*Asks:* 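Take this structure, written in structure tokens, and hold onto it; I'll ask about it next.
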Amino acid sequence: QSDTFSNGSKRKTIVILGSGWGSISLLKSLDTSLYNVIVVSPRNYFLFTPLLPSTPVGTVELKSIIEPVRSIARRSSSEVTYYEADALKIDPVTKSVHVKSVNENDYETDLNYDYLVIGVGAQPTTFNIPGVDKFSSFLKEISDAQDIRLKIMNSIEQAALLEQDDPERARLLSFVVVGGGPTGAEFAAELKDYVDQDLSKWMPALSKEIKIAIVEATPNILSMFPQNLIDYSQTLFTKGGIDLKLKTAVKRVDATTIYAENRDTQQIEEIPYGVLVWATGNAPRDVSKDLMQQLGPEKQNSRRGLVINDKMELVGAEGSIYAIGDCAFYPGLFPTAQVAHQEGDYLATVFDKLHKIDQLKFTNESLNDANKIKKNNAKIDKLYNKIDKFHYHHYGSLAYIGNEQAIADVTVNGFSFKGAGAMTFLFWKSAYLGMCVSLRNRLLVAMDWCKIYFIGRDSSI
Ligand code: FAD
Ligand code: NAD
């Protein structure tokens with residue numbers, strides 16, 4: 001679309017970094033005819049993260065939970081430009097972003113913006129614990145799910161070649177998850193389902209030797225839930241044979257063993273592993289850290305991410321840079337899809353008002369009548385005042401805990417529900433189907449769930 005509107009005013013450029021929950025919600029709600037919209041992300045698809053823990057073991061196929069950015073952009077009111085690239089550096093003074101293509105040609109360029117939305121998410125944190133980066137798998141991206149799957153299959157096949165009393169066989173069949181947050185707990189539950197429901201049919205003896213453990217530094221897993229739901233989940237896990245190593249903090253990892261400290265006894269326990277999945281939460285990405293440094297510690301003083309105000313403006317670059325989702329920090333807002341989604345929707349309404357303000361400002365430039373200018377300025381002030389603060393609505397939390405059971409602590413339309421079990425699992429399923437970003441995703445996920453009832457999970461690489 002053209003660079004100017006019919007009245008001669010310039011069409012402003014919004015550069016959106018990222019194609020995750022925050023950025024895609026913004027893109028879906030934004031009136032793209034009002035701006036020149038450029039999306040930059042190394043990932044040319046949206047990833048429905050709530051079902052990512054189901055993918056390494058094949059409960060849900062990876063293709064079912066992704067939606068191409070271009071297919072989402074095509075549904076918007078006007079043209080959207082997408083660049084498959086990483087944002088390396090943001091210059092808030094010249095209002096430009098330095099980006100680099102993700103393919104091997106390494107093309108680099110600078111993109112100028114009037115408004116920048118940072119939605120780059122976060123990276124897995126390792127707390128700089130030695131060996132974690134080198135030896136463990138994370139569960140954040142599609143490539144992580146593929147990596148975990150490969151390691152599980154390889155470990156099982158290698159173990160099958162060894163004698164039953166060989167300690168190496170026991171090590172290979174020890175699957176350890178570090179971090180009992182929802183990512184770690186949901187993945188452990190999916191892994192247990194896979195072993196009990198599928199592997200047990202093909203390798204009955206070997207499947208019984210598989211050990212699954214969750215190592216968690218605090219006294220509970222799934223600590224965001226009320227205590228009765230935590231107790232329910234922990235009992236289900238323990239009864240099912242998942243070893244919960246609570247109050248145990250990992251201190252070091254090498255190629256075969258995890259060294260973890262029991263917080264009560266201060267004793268170091270050595271836990272041999274075949275596959276190690278690391279899920280201890282988030283840390284800011286390099287591009288966010290660099291921007292925080294540029295703006296200085298008086299403005300950017302959180303280790304958790306880019307400090308924003310209650311209108312999603314980046315503190316230190318108000319009026320031009322916004323940050324949403326996991327890369328942003330505002331007290332009381334947690335790094336969840338729910339928050340990122342609502343922030344993206346909110347920013348679309350902000351940009352609607354900013355466009356009206358920009359148009360009035362443009363009109364003022366060509367006016368000589370002081371009265372009319374005054375009236376327009378009053379309208380501009382009114383519109384600025386109409387930009388409400390962001391209000392987060394917490395609908396609650398859901399988690400899959402295995403054996404076709406889930407826990408829920410939700411409030412929808414004033415109706416509160418706290419529950420656990422098989423019926424809650426059906427609720428969990430319908431909630432996640434409803435949250436899928438496209439009809440295509442919804443159908444594919446529903447088909448995957450049906451498929452495992454009839455033919456089981458796919459165990460090939
Ligand atoms: P993301 O969705 O992570 O997207 C970030 C985007 O930025 C990606 O497209 C990425 O490729 C891109 N990017 C990265 N670096 C750059 C760069 N340098 N330049 C440009 N783009 C870049 N939350 C819930 O509320 N409910 C759940 O059930 C739930 N389940 C989860 C399960 C798992 C396994 C995980 C890992 C998280 C889960 N979450 C859940 C949390 C939720 O996924 C995040 O809070 C959410 O994805 C944050 O959205 P975002 O847009 O900030 O970041
Ligand atoms: P998290 O921060 O929620 O949990 C990480 C866990 O790792 C914590 O319980 C912490 O005590 C533990 N830990 C940290 N260091 C450790 C160590 N050295 N040894 C042992 N344990 C250690 O991380 P997450 O589960 O990856 O979740 C990230 C975000 O995504 C959260 O905001 C979460 O709410 C959201 N999420 C939500 C869902 C859901 O709603 N179903 C699912 C996945 C993720």
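Just follow the structure's listing: the first ligand is 1, and inside any ligand the first atom is 1. Predicted, not measured: the structure shown is a model, and the values here were computed from it. Computed from heavy atoms alone, side chains included, the values below leave out hydrogens, waters and symmetry copies.
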*Asks:* Closer than 4.0 angstrom, basic N to acidic O: yes or no for Asp86 and Lys100?
*Replies:* no
*Asks:* Which ligand 2 atoms are under 4.0 Å away from a heavy-atom of Val215?
*Replies:*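 Going through ligand 2 atom by atom, the ones under 4.0 Å from Val215 are 20 (C), 21 (N).
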*Asks:* Tell me: protein heavy atom nearest atom 3 (O) of ligand 2, and distance?
*Replies:* Pro182 CD, 3.6 Å
*Asks:* With backbone taken as N, CA, C and O and side chain as the heavy atoms from C-beta onward, which portion of Val120 lies under 4.0 Å from ligand 1: side chain, backbone, both, or neither?
*Replies:*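 Both parts.
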*Asks:* Distance to 0.1 Å, residue and atom name: give those for the protein heavy atom nearest to atom 18 (N) of ligand 2.
*Replies:* Val250 O, 3.3 Å
*Asks:* With a heavy-atom distance limit of 4.0 Å, tell me whether Lys251 approaches ligand 2 through its side chain, its backbone, both, or neither.
*Replies:* neither
*Asks:* Look at the rings of Phe417 and Phe415 and say which category their plane angle falls in: under 30° parallel, 30 to 60° tilted, over 60° perpendicular.
*Replies:* parallel
*Asks:* Any idea which protein heavy atom is nearest atom 24 (P) of ligand 2, and the distance to it?
*Replies:*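 Protein heavy atom at minimum distance: Thr183 OG1, 3.4 Å.
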*Asks:* I need the contact type for Glu186 against ligand 1. Using non-hydrogen atoms and a strict under-4.0 Å cut-off, is it side chain, backbone, both or neither?
*Replies:* neither
*Asks:* Give the single entry among Val69, Leu47, Thr49 that approaches atom 37 (C) of ligand 1 most closely by any heavy atom.
*Replies:*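 Minimum heavy-atom distance to atom 37 (C) of ligand 1 goes to Thr49.
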*Asks:* Evaluate the ring planes of Tyr35 and His355, with Trp represented by its six-membered ring, and classify them as parallel (under 30°), tilted (30 to 60°) or perpendicular (over 60°).
*Replies:*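 It falls in the perpendicular class, over 60°.
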*Asks:* Angle between ring planes, His341 versus Trp21, binned at 30° and 60°: parallel, tilted or perpendicular?
*Replies:* perpendicular
*Asks:* Can you tell me which portion of Tyr432 lies within the under-4.0 Å heavy-atom range of ligand 1? Options are side chain, backbone, both, or neither.
*Replies:*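 Side chain only.
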*Asks:* Is there any N or O on Glu141 that sits under 3.5 Å from an N or O of ligand 1?
*Replies:* no
*Asks:* Heavy atom under 4.0 Å from ligand 1: found in Val40's side chain, backbone, both, or neither?
*Replies:*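 For Val40, only backbone atoms sit under 4.0 Å from ligand 1.
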*Asks:* Side chains of Thr238 and Gln234: do they bring a donor and an acceptor to under 3.5 Å?
*Replies:* no
*Asks:* Can a salt bridge be assigned to the pair Asp243 and Lys245 using a cut-off of 4.0 Å between side-chain N and carboxylate O?
*Replies:* yes
*Asks:* Quick test: of every protein heavy atom, which one is nearest to atom 41 (N) of ligand 2, and how far off is it to 0.1 Å?
*Replies:* Leu398 O, 2.7 Å
*Asks:* Within 45 degrees of the axis of the six-membered ring of Tyr259 and under 6.0 Å from its centre: does Arg252 put its NZ or CZ there?
*Replies:* yes
*Asks:* Run the numbers for me: atoms of ligand 2, each under 4.0 Å from some heavy atom of Ala249, listed by number.
*Replies:* 19 (N)
*Asks:* May I ask you to say whether Arg43 pairs ionically with Glu84, meaning some side-chain N is under 4.0 Å from a carboxylate O?
*Replies:* no
*Asks:* Enumerate the atoms of ligand 1 whose separation from the nearest heavy atom of Asp86 is less than 4.0 angstrom.
*Replies:* 16 (C), 17 (C), 18 (N), 19 (N)
*Asks:* Under a 4.0 angstrom heavy-atom cut-off, which atoms of ligand 2 come close to Tyr432?
*Replies:* 41 (N)
*Asks:* With atoms numbered from 1 as shown, which atoms in ligand 2 lie under 4.0 angstrom from a non-hydrogen atom of Phe127?
*Replies:*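 Taking each heavy atom of Phe127 in turn, ligand 2 has 14 (C), 15 (N) under 4.0 Å.
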*Asks:* Have a look at ligand 2 and work out which part of Ile221, if any, has a heavy atom under 4.0 Å from it: side chain, backbone, both or neither.
*Replies:*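 Neither; nothing of Ile221 gets under 4.0 Å from ligand 2.
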*Asks:* Tell me every residue that passes side chain to side chain contact (heavy atoms under 4.5 Å, CB included) with Thr183, counting only those two or more places apart in sequence or in another chain.
*Replies:*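 If we apply the side chain to side chain contact (heavy atoms under 4.5 Å, CB included) test to Thr183, skipping adjacent residues, the hits are Leu139, Ala279.
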*Asks:* Side chain of Arg171, backbone of Pro272: donor and acceptor closer than 3.5 Å?
*Replies:* no
*Asks:* Are any of the heavy atoms in Trp428 under 4.0 Å away from ligand 2?
*Replies:*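 No, that is not the case, since the closest heavy atom of the residue is not under 4.0 Å from the ligand.
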*Asks:* Which atoms of ligand 2 have any heavy atom of Gly179 under 4.0 Å away?
*Replies:*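 By the 4.0 Å cutoff, the relevant atoms are 6 (C), 7 (O), 12 (C).
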*Asks:* Which is it for Pro335 and ligand 2 at heavy atoms under 4.0 Å: side chain, backbone, both or neither?
*Replies:* both
*Asks:* Assign the ring pair Tyr392 / His394 to parallel, tilted or perpendicular, where the plane angle (0 to 90°) is split at 30° and 60°.
*Replies:* tilted
*Asks:* Select one of side chain, backbone, both or neither to describe which atoms of Val178 lie under 4.0 Å from any atom of ligand 2, heavy atoms only.
*Replies:*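 It is the side chain that touches ligand 2; the backbone stays farther off.
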*Asks:* Looking only at heavy atoms, which two atoms of Asp409 and Pro226 are closest? And how far apart?
*Replies:*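 Closest heavy-atom pair between Asp409 and Pro226: OD2-CD, 3.5 Å.
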*Asks:* Taking atom 26 (N) of ligand 1 as the point of reference, which of Ala85, Pro50, Ser397, Gly184 owns the nearest heavy atom?
*Replies:*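 Result: the heavy atom closest to atom 26 (N) of ligand 1 is in Pro50.
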*Asks:* Salt bridge between Lys451 and Glu61, side-chain N to carboxylate O under 4.0 Å?
*Replies:*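 Judged by the 4.0 Å cut-off on N to carboxylate O distance, Lys451 and Glu61 do form a salt bridge.
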*Asks:* With a 4.0 Å cut-off on heavy atoms, does Thr248 reach ligand 2?
*Replies:* yes
*Asks:* Is it the side chain, the backbone, both or neither of Pro335 that has a heavy atom closer than 4.0 Å to ligand 1?
*Replies:* backbone
*Asks:* Show the atoms of ligand 2 that are less than 4.0 angstrom away from any heavy atom in Met224.
*Replies:*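 Every atom of ligand 2 under 4.0 Å from some heavy atom of Met224: 34 (O), 40 (O).
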